[in-house]
Each structure stands twice: as C-alpha cells, then as structure tokens.
Protein chains: 2
Amino acid sequence: MQADSAVASLGALAQEHRLALFRMLVQAGEGGMAAGMIAEKLGVPNSSLSFHLTQLREAGLVLQERQHRSIIYRANYPAMNALVAYLMENCCAGAADCGVGAACEAPAQERKSA
Amino acid sequence: MQADSAVASLGALAQEHRLALFRMLVQAGEGGMAAGMIAEKLGVPNSSLSFHLTQLREAGLVLQERQHRSIIYRANYPAMNALVAYLMENCCAGAADCGVGAACEAPAQERKSA
DNA sequence: GCCTCATTTCGAGAAAACTAAAAATGAGAT
DNA sequence: ATCTCATTTTTAGTTTTCTCGAAATGAGGC
C-alpha cells in the first residue's frame, strides 16, 4: 500500500454517507447490494449516491458487478485489510502491545497489490 | 464509536501530510515527538503543521503534552483501534473469514482468545 | 522582571468536495 | 427492434479544506 492510495481510501471513507454505505456493504458480505437498494436505505438521491459509489470504487474499496438490471456493489475486503495494515505498520516502536485489544500488530507480510 | 466521530477520524487521516504524520507517531510509540521535530521531518511549515496537528487532536487521534519548551504529540492507540473496529463491525454477514488475513473479526467485545 | 523560542492563531486566497436536478446511457425485457 | 427502467454523467451552485506569512501567545530560562 502506498501513501496516496491510502489517502484516497481514507478520503473515500471520510464522509457521512459513504462511511454508512461502506459499512453497510461490509456487513452485507459477499452478496453485496444493488445501487438502488442502497440509495433507498440511506435516503440519498440516486445521483448523489452514484457520486459516492464512484468515489468508493475509484478508491478501490468497493467492487461492482452487473446482475440483471441492477448493479451490485460489494465491499473489497482485501483493500480494507490492506488499509488497516498500512495504518498500523511498525506500530508502537516495537512494543508488544499497543495498549488496547489485539489490533496493533507487526506489519502483515507485504503482499503484492491486494 | 459513533458515525460522526468515525467520519471525523477518517477525515483527519485523509490528507497526505496528516497521514504521514499520524503514521510517524504510530511508529514512534509512547515516547511521541515534538511538534517542531515533526514539521522538520515532514518538510511542512510550522503554521501548516499546527493546523494539521489540531485536526488530528480534535479528531481524538493524537494526544498532546507539554515537555519543557516543546509540545510532545503521540498517537492515541485506543482511538485508532476503535476506529478500525468500527469499520469492520459485524463484518461479512457472519462468514468466518473475510477472504484475507486475520483483520476482519467479530465485534471487539466478543474477541476470541488467540 | 524580562527575554527567548516553540508553537499556535489570524487572515485571505486557491483548490477541492458535496449536492441534486436534469439529461443521457445501456442492459434486459417484451 | 423498441421500450423500460436502474444507474450514471453532466452541470452549476454552495460549502469546506488546504496553505502559509505574519502576528500573537505563553512556558522556561536568564
């Protein structure tokens, strides 16, 4: 993960509707959700939602796929995991525990463009 | 963690200089770094850096403390962990594994023993 | 008590992001 | 081939963010 793609991902998530949208997809699992359904659940106009979906897609956080008449979006879990790993890389100057939970870990072995 | 504080945290991280700064502090550990040292390492004017530090502090991602003439900043690890947990909450519609790594887990309070 | 120096606040200009109606697209259905 | 409908693109206006020099602040040192 590179700095600018991390900034892009974080920027994509740093917005009320997009964060709610992404979490919805994260919780929806591999099945994903249709764009129209998302717009309805979020109470956002279609054109606005499309703008936000594009932001998330360009950041690499969601994937899209046509299914009949709808377009299904789903969370890109590897991208999410890579982002989190980037944030926590080389955490805590080598201390074993960063104070809370197990989240702060040594760098996951760098995988090629997840 | 609530939606708006997550948005605030993500927005704080969604900026080239602030992301570099936060990662620097994450890697620096509990010892932290002085504001001036950070500005120098990042190659950013003091006034700009102060703006960014304020963003991160108001988002709750960094803590500040006076030490002699300098002000020491350090990463707020619990806040970082809470943010990550919020992103991944109820991940994957109950599937055991989100496809990559170990990052995608059940909500924090029900953490399984390693 | 005054001086020094690290840091923050102020101010204004430039750039980027959000919103949403209206028009366009294009895959499926008939 | 044509129609339909879900979705995206366009467009324009509003709001927010970023930048950084100059001035102000305030804790420590002298």
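Computed from a prediction, not measured in an experiment: that's the story for all the values here.
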To the nearest Å, give me how far apart [atom1] ([X]) and [atom2] ([N]) are.
X: A/Ile72; N: D/dT7; atom1: CD1; atom2: C1'; answer: 12 Å
X: B/Met33; N: C/dA6; atom1: CE; atom2: C1'; answer: 15 Å
X: A/Arg66; N: D/dT7; atom1: CZ; atom2: P; answer: 8 Å

Side chain to side chain contact (heavy atoms under 4.5 Å, CB included) between A/Arg74 and A/Glu65, intermediate numbers included: CA-CA 9 Å; A/Arg74 55 198 172 79; A/Glu65 179 190 354; 4.0 Å; yes

Common cluster, B/Val44/B/Phe51, ILVMFWY with side-chain heavy-atom separation under 4.5 Å: no

Verify same cluster id: B/Met24, A/Leu83 (apolar side-chain graph, 4.5 Å):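 They do share one cluster, since a chain of ILVMFWY contacts under 4.5 Å joins B/Met24 to A/Leu83.
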
Looking at [range], who's got a heavy atom less than 4.0 Å off DNA chain C?
range: residues 34-43 of chain A; answer: none
range: residues 6-25 of chain B; answer: none
range: residues 44-65 of chain B; answer: B/Asn46, B/Ser47, B/Ser50, B/Gln64

Neighbour count above 12 (heavy atom, 6.0 Å) for B/Met37 CE: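 Not more than 12 within 6.0 Å, no.
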
Side-chain touch A/Val26/B/Leu87, heavy atoms, less than 4.5 angstrom: no

Under a 3.5 Å distance rule, please check whether [X] uses its side chain to pair with a backbone N or O of [Y] as donor and acceptor.
X: B/Gln15; Y: B/Arg18; answer: yes
X: B/Ser50; Y: B/Asn46; answer: no
X: A/Glu16; Y: B/Asp4; answer: no

Side chain to side chain contact (heavy atoms under 4.5 Å, CB included) between B/Val62 and B/Asn76, worked out: CA-CA 5 Å; B/Val62 305; B/Asn76 185 349; 5.9 Å; no

Within 45° cone of B/Tyr73 ring axis and under 6.0 Å: B/Arg57 NZ or CZ: no

Smallest separation among heavy atoms of A/Met33 and A/Ala28, with atom names: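 Closest approach of A/Met33 to A/Ala28, heavy atoms only: CG-CB, 4.1 Å.
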
Side-chain N,O (B/Tyr73) to OP1/OP2 (C/dA6) below 4.0 Å: no

Pair of N/O donor and acceptor under 3.5 Å linking D/dT4 base with A/Arg69 side chain: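 Yes.
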
